[in-house]
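Just below is one structure, and these are the notes that go with it.
In this chain, residues are counted from 1 in sequence order.
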Amino acid sequence: MSSRHRSFLASPDGVNRLNAAKARLNLTNTAIAERAGVSADTVGRLWHPERGRRVSQASIIAIAAVLELRPEEIVPVVEWEIRLEKSLISDQVVAAHSQTAQVESREKVGLASIFISYRREEPDKTLAQFFAQELERVGLDVFIDTGIETGAEWEKEIDEALNSADYFLLLFSEKTFQGKFVEEEIITALERREKCGIPVIWPVRICLPRKHRESRYPWGRIYRFQHEFWESENDNTRILLKFINKVRQAKRVEVSSGSQSFIDTQESTSSPPSPLINILKLDGAALSGDSAFYVVREADKEVLEKMQQKRALIHVKGAKQTGKTSLIMRQYKAIGELNFNLRTVLIDFQALPGSTFESLNSLWYAIAEQISSTLAIDDWDNSWRSERTYNINVNKFLSSFIFNNLKTPILVGFDGVDYVFNTPIKKEFFSSIRSFYNYGAHDSKWENVRWLLSTSTEPVFFIEDLSQSPFNIGTRIDLNYFELTEVRKLAEKYELKLEERIVEKIFNYLGGHPYLTHLIINQLAYDIDSADYLFNAETAGNGFFQDHLNRYVRQFQKEKSLLRAMREVINGDGCNDFRVVDQLEGAALIKRDIYQRVIPMCELYEKFFGKVLCK
């Protein structure tokens, strides 16, 4: 079996739809290839299935998006999944596999895609081929460069596979450090992971001592992920089965392209933590509502209490990466578990297309669409008329599909609503929320609508008249940084028995920043001996914090006003531009001390940015 991406042929109807879309949009094959980010050869293969040359799932999704088609219009939906009639793992694997981990007969396996990165020398090469063969035999979608056809665009094929992979299986030995190809693949995987949370990175050390550490870029960043250690063929089965289980326990999620991808969500409360702990959250994403590593704060209790009140309006204010989204998801889950008589809808404003914010009507249409999707309401848009004003449309929608048919109160959550602050409709949108909230004072039906808004920045700097917004009514709840006791609680959740001086060192070094605290404690759970180098701010923890810090460096390079203000704060001069101060506070880069003076958020930021920005 070819060790390449599992691929498909377009159906006859699919080819007809491709031709129709191509003609309608007046696009050539070359133009389609450029817009989809695939090779011209890939486009040609899709158009000519009779030649038997298949196209990867990721490429079909990309081409379909360019042509404004759904992938299942090109390839029948039944082709996208595989049913295994029996376990296809080799006898050696089955013999070593426990009863609970065995691949069940007729199990439906989603096509998680794996990119194998390795150096073409022994034993790396043989091990890579072993993994490719066995992973594909259990129905996974595997790419290894030995499967590239003669005459194909070699670099293009590798880039396509790497940019669509859910998992990055990295095999490296001492000789790997001498080459550049694997390093370039690592850089691409890390940059993509920083941008969208995938691929999951799984390094396997080949005959390398456990204490070996390569600090130069990009290798220094690889050491934050769990490593497997391969010494001989005796380790093949153990590592293979661990990887298969990891993929099978992952959760399929929607990604920004509309396609599905796999994210590792395995968590355990019954056994000591391991570096397998949900890698997604280490990129700043929200913790799941039932995460074993969530630290409950006072704000959680207050939000949950206010949610239960009639005609509630709650504003959660907290800097970025302090856990606002995690808090909201946690409370939404609690509502279900405690059997509250309340339906919940959560809308992430940062996930909405930019065109949504062109008019008030288009934004409320998107909100109604999200509500109807969450509550499984069909044919709702038949009542929406573009010639009507937004408030009439919203009233019609809620009256016809929410109030009349569903008597249970509804909680509508707007996460990241300060995204609207920089749009031309900010005044009208926030005024509309306030108006809808006020309806509940004299209309019993509107009394059943409750509102929850979260922001990172202070509304007063963006909205001229707060009396025409929801931000000076209802309940405001500030989500603060971790206290020392909460840092200790997080370490306990990882089952880490840290000395009190280490807990205090983490708290003082990171200022209680929730995301950074999760990051460093997760690393200590993996490698307690890493404590010393993690606290070196000048080297960003030997590259450990580099990805996170570089995001801000790039932002400073783009916005000179933020750069000047941050320099002033680091130099102890403060900053008199309150709007810029709010932006820096909202980004969790600065805070106020007990005398209300503006200072760097933490020691890590003060020393690192002092070196990089003030030199």
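In this structure, Tyr605 and His548 have parallel ring planes: the angle between them is below the 30° cut-off, well short of the 60° mark. Ring geometry, His518 versus Phe482: the interplanar angle falls from 30° to 60°, so the pair is classed tilted. Between Tyr167 and Phe243, the ring planes are perpendicular. Angles over 60° get that label, and only those under 30° would be called parallel.
Atom-to-atom distance recorded for Leu162:CG and Arg192:CZ is 7.5 Å, nearest 0.5 angstrom. In this structure, Phe421 CZ and Ser456 OG are separated by 9.5 Å, a value rounded to the nearest 0.5 Å. Rounded to the nearest 0.5 Å, atoms OG1 (Thr42) and CD (Glu157) are 5.5 Å apart. Distance OH/Tyr118 to OG1/Thr176: 11.5 Å, rounded to 0.5 Å. The line from CG of Leu490 to CD1 of Ile521 is 4.0 Å long, rounded to the nearest 0.5 Å. To the nearest 0.5 Å, atom NZ of residue Lys493 and atom CD of residue Glu486 are 11.0 Å apart.
Between Cys602 and Gly511, the closest heavy-atom pair is CB-N, 3.7 Å. Considering all non-hydrogen atoms of both residues, Tyr481 and Ile590 come closest at OH-O, 4.2 Å. In this structure, Ala299 and Leu327 approach most closely via the heavy-atom pair CB-CD1, 3.9 Å. Considering every non-hydrogen atom in both Ile222 and Pro203, the closest pair reads CG2-CG, 3.7 Å. The minimum heavy-atom distance linking Gly586 with Thr457 is given by the pair CA-CG2, 4.3 Å. Residues Leu584 and Phe556 share a closest heavy-atom pair of CD2-CE2, 4.1 Å.
The backbone N or O of Gln370 sits nowhere less than 3.5 Å from a side-chain atom of Ser373 that would complete a donor-acceptor pair. Under the 3.5 Å distance criterion, the side-chain polar atoms of Thr325 are left unmatched by any main-chain donor or acceptor of Asp415. Between the side chain of Tyr332 and the backbone N or O of Val345, at least one donor-acceptor pair lies under 3.5 Å. Judged purely by atom type and a 3.5 angstrom limit, Arg205 uses its side chain to pair as donor or acceptor with the backbone of Pro209. Between the side chain of Ser164 and the main chain of Glu160, a donor-acceptor pair closer than 3.5 Å is present. No side-chain donor-acceptor contact under 3.5 Å links Lys591 to the backbone of Ala588. Under the 3.5 Å distance criterion, the side-chain polar atoms of Thr126 are left unmatched by any main-chain donor or acceptor of Glu122. Looking at Arg297, its side chain does come within 3.5 Å of a backbone N or O of Asn480 through a donor-acceptor pair.
Counting heavy atoms from C-beta outward, Leu589 and Met601 have side chains that stay 4.5 Å or more apart. Between Phe143 and Ile158, the closest side-chain pair of non-hydrogen atoms falls below 4.5 Å. Taking 4.5 Å as the limit, every side-chain heavy atom of Pro199 sits out of range of all side-chain heavy atoms of Phe115. In this structure the side chain of Asn522 reaches within 4.5 angstrom of the side chain of Tyr494, judged on heavy atoms. By the 4.5 Å heavy-atom criterion applied to side chains, Leu516 and Phe545 are counted as neighbours. A 4.5 Å side-chain heavy-atom check between Leu479 and Lys324 finds at least one atom pair inside the cut-off. A heavy-atom distance below 4.5 Å is found between the side chains of Phe414 and Phe349. Residues Ile506 and Leu524 meet the side-chain proximity criterion, which asks for heavy atoms closer than 4.5 Å.
Taking the six-membered ring where the residue is Trp, the centroids of Phe357 and Tyr419 are separated by under 6.0 Å. Checked against the 6.0 Å centroid criterion, the rings of Phe507 and His513 do not qualify as a close aromatic pair. Taking the six-membered ring wherever Trp is involved, the centroid distance between the rings of Trp219 and Phe177 falls below 6.0 Å.
Note on Lys125 versus Glu121: no salt bridge recorded, every NZ/NE/NH1/NH2 to OD/OE distance being 4.0 Å or above. With respect to Arg120 and Asp145, a salt bridge is recorded, a charged nitrogen being found less than 4.0 Å from a carboxylate O.
Atom CD of Glu559 has more than 12 neighbouring heavy atoms from other residues, nucleotides or ligands inside a 6.0 Å radius. Within 6.0 Å of the CD atom in Glu231, the count of heavy atoms belonging to other residues, nucleotides or ligands exceeds 12.
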* Could you walk me through whether Lys180 and Glu183 pass the salt bridge (Lys or Arg N to Asp or Glu O under 4.0 Å) test, one step at a time? => CA-CA 5 Å; Lys180 290 297 181 184; Glu183 284 191 6; 3.7 Å; yes
* Go through the steps for Leu170 and Val204 under the test side chain to side chain contact (heavy atoms under 4.5 Å, CB included), then give the verdict. => CA-CA 6 Å; Leu170 171 64; Val204 178; over 6 Å; no
* Stepwise side chain to side chain contact (heavy atoms under 4.5 Å, CB included) check, Leu190 with Ile201 -> CA-CA 8 Å; Leu190 287 170; Ile201 296 176; 3.7 Å; yes
* Please report the C-alpha distance between Ile114 and Ile116 in whole Å, then the side-chain angles of each, then the deciding distance to 0.1 Å, and finally whether the side chain to side chain contact (heavy atoms under 4.5 Å, CB included) criterion is met. => CA-CA 6 Å; Ile114 295 99; Ile116 299 180; 4.2 Å; yes
* Given side chain to side chain contact (heavy atoms under 4.5 Å, CB included), test Phe608 with Thr539 step by step and report yes or no. => CA-CA 8 Å; Phe608 179 83; Thr539 64; over 6 Å; no
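With hydrogens and angles left out, the side-chain atoms of Gln133 and Gln129 include no donor and acceptor closer than 3.5 Å. Using a 3.5 Å distance cut-off with no hydrogens or angles, the side chains of Asp300 and Gln331 do pair a donor with an acceptor.
Judged by the 6.0 Å distance and 45° axis criteria, Lys505 is positioned over the aromatic ring of Phe535.
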